[in-house]
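Letters A, B, ... mirror the listed sequences (proteins, then strands); counts begin at 1.
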2 protein chains.
Amino acid sequence: MARKTGADGRVTAEAILRESLSLFAQYGFATVSMRQIADKVGVQPGAIYQHHRNKQQLLVAVLDTHMDGLLKASAENQQGDCTSVQALERFARFHIQYHITRPDEVFVSYMELRSLEEEGYALIEGKRRKYERILKSILERGVSDGTFQLDDPHVSAMAILSMLTGVNTWYRSGGRLSQQKIEDIYTSMVLGAVGHRLPDTHS
Amino acid sequence: MARKTGADGRVTAEAILRESLSLFAQYGFATVSMRQIADKVGVQPGAIYQHHRNKQQLLVAVLDTHMDGLLKASAENQQGDCTSVQALERFARFHIQYHITRPDEVFVSYMELRSLEEEGYALIEGKRRKYERILKSILERGVSDGTFQLDDPHVSAMAILSMLTGVNTWYRSGGRLSQQKIEDIYTSMVLGAVGHRLPDTHS
DNA sequence: GTCTATACGTTGATAGAC
DNA sequence: GTCTATCAACGTATAGAC
């Protein structure tokens, strides 16, 4: 049969990433078939292989797109001079904002690390480490200028990231609390956890 | 061919749960086949259906076993009178100890919630909520007796649980830090996050 | 770039012998 | 309770026409 004339490759490419992300988030990478993705995009399964070598590379592309977006946005967020407390607060608010508004991307990025084979894992894990280092640097600065009290910047960074990213396990938009309020609570907890006191958020 | 004589059903049943857990942790529920499990156990695929109605019920059994163990151990840990600070510290140390020594169970319990169908999900989620409520109660007590400063016990409980459970994403036994030290660091961060100060853990 | 058609392995689950 | 044998459905990926 004839091919679909007038089809735009870039549109298809974007649709593949978008629908893959959505399906992976809903059912998990292992469960989703190339057929399902093709159906959602509106092409035949074989057409996906025009854009990605195989299913594994499709997953890598999805995760890599997310990590690049995160690193770029976080770099923009961290520019400008500020104290270590301000930097930590800014980081915490940024992280929550970015993650809370992208539940699918975040979910897939954390859940499907295990589905990555060696090469893709190294790529994504490298970018994740780069992001973690941003927070670790802030903590180290706060320790050396005496603002924060903590024993181990690396462990504290990991703990804080787990705590912040955890919002996504319970937050649903339109819930009891505004996004602003959630940011406030988490920021206050993060500052407390590193041994810094806010004047008083409890009133 | 003849059946394997002298086989003990209870031994097989335990082996199925044990090997399923291990395989689910390593490869993910969706990826693991009944054949793989049967191979590890040393039986034929059909034999598993003597113990579990289908693959889904096998997953439910694995997760339910974990949740029952967690709830039982946590109930034992929380008995006896103590202040709210002591209760929180005891909870934090318990949670880390329990989770850090059972990486597979914890990993599967968090990752495969999505693989549960309605009925099984309700069962497991109910037990998870029950566990969360233990921490929430401790926080509420600490707020009402003026020991903790926090705005929302529910959100704080979720944040603390994310932080504590997060140890499992980076901790590997035999690493740089002793388990005791890790407990100390996390406990100190938890107490800080709820607005309570330790004398000085930084020396 | 997209299509149809298809190769070919693997899946969950069942039937019936022992 | 375990075995062998088997089924129908579905998986990824490729080949070659248009």
Side-chain angles (χ1 to χ4, degrees), chain A residues 1-21 23-24 26-63 108 112 114-120, chain B residues 1-21 23-24 26-63 108 112 114-120:
Chain A
M1 295 291 256
R3 74 184 183 88
K4 192 185 285 182
T5 52
D8 187 333
R10 287 166 308 184
V11 170
T12 304
E14 277 174 35
I16 290 173
L17 285 180
R18 189 180 58 245
E19 299 301 338
S20 298
L21 174 67
L23 285 168
F24 292 166
Q26 195 170 359
Y27 304 107
F29 174 73
T31 314
V32 174
S33 68
M34 297 298 258
R35 277 177 225 274
Q36 273 178 279
I37 299 168
D39 281 353
K40 281 258 189 185
V41 173
V43 296
Q44 292 294 318
I48 298 176
Y49 291 84
Q50 294 287 331
H51 302 273
H52 304 277
R53 209 177 324 132
N54 50 34
K55 199 187 173 192
Q56 172 73 201
Q57 287 302 311
L58 171 55
L59 175 61
V60 173
V62 167
L63 298 190
V108 172
E112 303 300 355
R114 61 147 50 165
S115 304
L116 288 168
E117 291 164 11
E118 207 172 47
E119 194 184 353
Chain B
M1 295 292 253
R3 72 184 185 89
K4 194 184 283 181
T5 52
D8 186 335
R10 286 165 309 182
V11 170
T12 304
E14 277 174 35
I16 290 172
L17 285 180
R18 191 180 56 244
E19 299 302 338
S20 298
L21 174 67
L23 284 168
F24 292 165
Q26 195 170 359
Y27 304 106
F29 173 74
T31 315
V32 174
S33 68
M34 298 298 260
R35 280 177 228 277
Q36 274 178 277
I37 298 167
D39 282 352
K40 281 259 189 184
V41 173
V43 296
Q44 293 295 320
I48 299 177
Y49 290 85
Q50 294 286 333
H51 302 272
H52 303 278
R53 209 178 322 133
N54 50 36
K55 199 186 173 192
Q56 170 73 203
Q57 286 303 311
L58 171 55
L59 175 61
V60 173
V62 167
L63 298 190
V108 172
E112 304 299 357
R114 60 148 49 164
S115 304
L116 289 168
E117 292 164 10
E118 207 172 48
E119 194 184 351

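As rounded to whole Å, 10 Å separates atom P of C:dA13 from atom CD1 of B:Ile37. Atom P of nucleotide D:dA9 and atom CD of A:Gln36 are separated by 17 Å, given to the nearest angstrom. Rounded to whole angstrom, the span from the CZ atom of B:Arg35 across to the P atom of D:dA5 amounts to 13 Å. Straight-line distance from the CG atom of B:Asp39 to the C1' atom of C:dT10: 13 Å, rounded to whole Å. Rounded to an integer number of Å, the gap from B:Arg10 CZ to D:dT2 C1' is 17 Å. The interatomic distance linking B:Tyr27 (OH) with C:dT10 (C1') rounds to 16 Å, in whole Å. Counting to the nearest Å, the C1' atom of C:dT11 and the CZ atom of B:Phe29 are 12 Å from each other.
Residues forming a side chain to side chain contact (heavy atoms under 4.5 Å, CB included) with B:Tyr27 (at least two apart in sequence, or on another chain): B:Leu23, B:Thr31, B:Val32, B:Gln36.
Contact check, B:Thr12 against D:dT2: a side-chain N or O comes under 4.0 Å of OP1 or OP2. When the side-chain nitrogen and oxygen atoms of B:Ser33 are compared with OP1 and OP2 of C:dT10, none of them lie within a distance under 4.0 Å. At C:dT4, one or more side-chain N or O atoms of A:Gln44 fall inside 4.0 Å of OP1 or OP2 (strictly under the cut-off).
Between B:Ile37 and B:Phe24 there is a side-chain heavy-atom pair separated by less than 4.5 Å.
Scanning DNA chain D for stems, defined as runs of 3 or more consecutive Watson-Crick or G-U wobble pairs whose donor-acceptor distances all fall under 3.5 Å, gives the following ranges: C:1-18 with D:1-18.
The stretch residues 48-57 of chain B touches DNA chain C through B:Tyr49, B:Asn54, B:Lys55, each having a heavy atom under 4.0 angstrom from the strand.
Here B:Glu19 contributes atom CD and B:Asp39 contributes atom CG; the two are 11.0 Å apart, rounded to the nearest 0.5 Å. A distance of 13.0 Å separates CD of B:Gln50 from CD of B:Gln44, quoted to the nearest 0.5 Å. The structure places CD of A:Gln26 at 11.5 Å from CG of A:Leu21, a figure rounded to the nearest 0.5 Å.
In plain terms, the two heavy atoms of A:Arg114 and B:Gly28 that are nearest each other are NH1-CA, 2.6 Å.
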* side chain to side chain contact (heavy atoms under 4.5 Å, CB included) between B:Ile48 and B:Val41, intermediate numbers included -> CA-CA 9 Å; B:Ile48 299 177; B:Val41 173; 5.9 Å; no

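A donor-acceptor contact shorter than 3.5 Å is absent between the side chain of A:Glu117 and the backbone of A:Gln56.
Salt bridge annotation for B:Lys55-B:Glu112: absent, with no cationic side-chain nitrogen under 4.0 angstrom from a carboxylate oxygen.
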